[in-house]
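Throughout, residue positions are numbered sequentially from 1 according to the sequence presented.
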Amino acid sequence: VQLQASGGGLVQAGGSLRLSCAASGRTFSSYAIGWFRQAPGKERAFVAGIYWSGSRTTYSDSVKGRFTIPRDNAKNTVYLQMYNLKPEDTAVYYCAATRSVSVYAPDFSSWGQGTQVTVSS
């Protein structure tokens with residue numbers, strides 16, 4: 001599966017932004033999709049994930065209650081809806097696909113190109 005992330009931009013603290021991860025490939029629905037982010041000088045970190053059927057989601061503690069990860073299999077797209085953004089959310093955001101149940105980057109086999117999110121204070 002090939003992934004393309006989009007939707008990043010500059011937003012003020014407290015604002016909202018929605019990222020999109022468009023997938024190509026007929027087996028999209030059999031993958032779990034994760035969102036990761038990487039800030040300058042930091043390791044890539046798991047943000048949120050959604051599993052094959054879309055009924056199970058998981059979030060990192062830092063975004064729980066502020067981010068959601070809706071999935072539209074008909075459009076082969078997973079979103080990362082971000083609310084109440086904080087300056088510490090500033091990072092390059094990546095979407096990735098895996099056939100396993102994981103929150104670890106090495107377990108994800110396909111990656112999108114990344115999209116920059118900048119939150120100003």
Side-chain angles (χ1 to χ4, degrees):
V1 63
Q2 289 78 47
L3 304 175
Q4 183 170 1
S6 62
L10 174 65
V11 63
Q12 289 187 333
S16 300
L17 204 60
R18 188 178 78 166
L19 306 182
S20 298
C21 178
S24 60
R26 292 177 292 178
T27 60
F28 173 71
S29 61
S30 65
Y31 284 84
I33 300 296
W35 283 98
F36 292 78
R37 66 187 181 187
Q38 188 166 18
K42 296 188 176 181
E43 293 186 354
R44 193 168 296 188
F46 176 81
V47 175
I50 187 165
Y51 298 97
W52 300 271
S53 67
S55 62
R56 178 182 173 188
T57 57
T58 187
Y59 300 92
S60 67
D61 288 343
S62 62
V63 306
K64 197 172 295 181
R66 299 189 297 122
F67 292 11
T68 63
I69 184 170
R71 177 177 189 149
D72 188 338
N73 281 351
K75 295 183 177 180
N76 278 6
T77 301
V78 172
Y79 305 95
L80 184 67
Q81 180 66 58
M82 305 183 290
Y83 301 99
N84 190 21
L85 283 159
K86 304 175 180 181
E88 51 264 42
D89 294 317
T90 295
V92 177
Y93 283 71
Y94 300 87
C95 60
T98 180
R99 289 188 180 272
S100 65
V101 178
S102 176
V103 299
Y104 299 106
D107 294 331
F108 286 73
S109 56
S110 299
W111 289 82
Q113 81 283 13
T115 184
Q116 176 72 47
V117 172
T118 303
V119 184
S120 63
S121 58

Could you report the tightest heavy-atom contact between [X] and [Y], atom names first, then the distance?
| X | Y | result |
| --- | --- | --- |
| Y51 | S102 | OH-O, 4.0 Å |
| W35 | S20 | CH2-O, 3.6 Å |
| Q38 | K42 | NE2-O, 3.1 Å |
| F108 | G34 | CE2-N, 3.6 Å |

Euclidean distance, [Y] [atom2] relative to [X] [atom1], rounded to 0.5 Å:
| X | Y | atom1 | atom2 | value |
| --- | --- | --- | --- | --- |
| C95 | L19 | SG | CG | 9.0 Å |
| M82 | R18 | CE | CZ | 11.0 Å |
| Q2 | N76 | CD | CG | 11.0 Å |
| F67 | D89 | CZ | CG | 4.0 Å |

* So do L17 and Q81 actually touch side chain to side chain, heavy atoms under 4.5 Å? -> no
* **Listed partners of T118 passing side-chain hydrogen bond (donor to acceptor under 3.5 Å, both in side chains), at least two apart** =>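 Scan of T118 (side-chain hydrogen bond (donor to acceptor under 3.5 Å, both in side chains), adjacent residues dropped) gives Q116.
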Does a donor on one side chain and an acceptor on the other come within less than 3.5 Å for [X] and [Y]?
| X | Y | answer |
| --- | --- | --- |
| S120 | Q12 | no |
| S109 | R99 | no |
| S100 | T98 | yes |

* Residue of the set N84, V47, L80 for which side-chain contact (heavy atoms from CB on, under 4.5 Å) holds with V63 ->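 Only one option passes, and that is V47.
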* side-chain contact (heavy atoms from CB on, under 4.5 Å) partner of I33, chosen from V1, V78, T77 ->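 So the option named by the test is V78.
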Does [X] reach the main-chain N or O of [Y] with its side chain, forming a donor-acceptor pair under 3.5 Å?
| X | Y | result |
| --- | --- | --- |
| S121 | P87 | no |
| S110 | A97 | no |
| T115 | S6 | no |

* Do R66 and Y83 meet the cation-pi criteria used here (NZ or CZ under 6.0 Å from the six-membered ring centre, within 45° of the axis)? -> no
* Does the cation-pi check pass for R37 over Y94, that is, NZ or CZ under 6.0 Å from the six-membered ring centre and within 45° of its axis? -> no
* **Of W111, Y104, Y93, the residue whose pairing with F36 passes ring pair (Phe, Tyr, Trp, His ring centres under 6.0 Å)** =>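 It is W111; the other options fail the test.
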* **Pairing residues for K64 by the salt bridge (charged side-chain N to carboxylate O under 4.0 Å, His left out) criterion, not counting sequence neighbours** =>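 Here the qualifying residues are D61.
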* To do: Please check if Y79 and I69 belong to a single hydrophobic cluster, counting links between Ile, Leu, Val, Met, Phe, Trp and Tyr side chain heavy atoms closer than 4.5 Å.
  => no
* Asked: In this structure, are over 12 heavy atoms from other groups packed under 6.0 Å from Q4 atom CD?
  -> no
* Asked: After noting the C-alpha distance and the side-chain angles of V117 and T90, does the key distance pass the side chain to side chain contact (heavy atoms under 4.5 Å, CB included) rule?
  -> CA-CA 5 Å; V117 172; T90 295; 5.9 Å; no
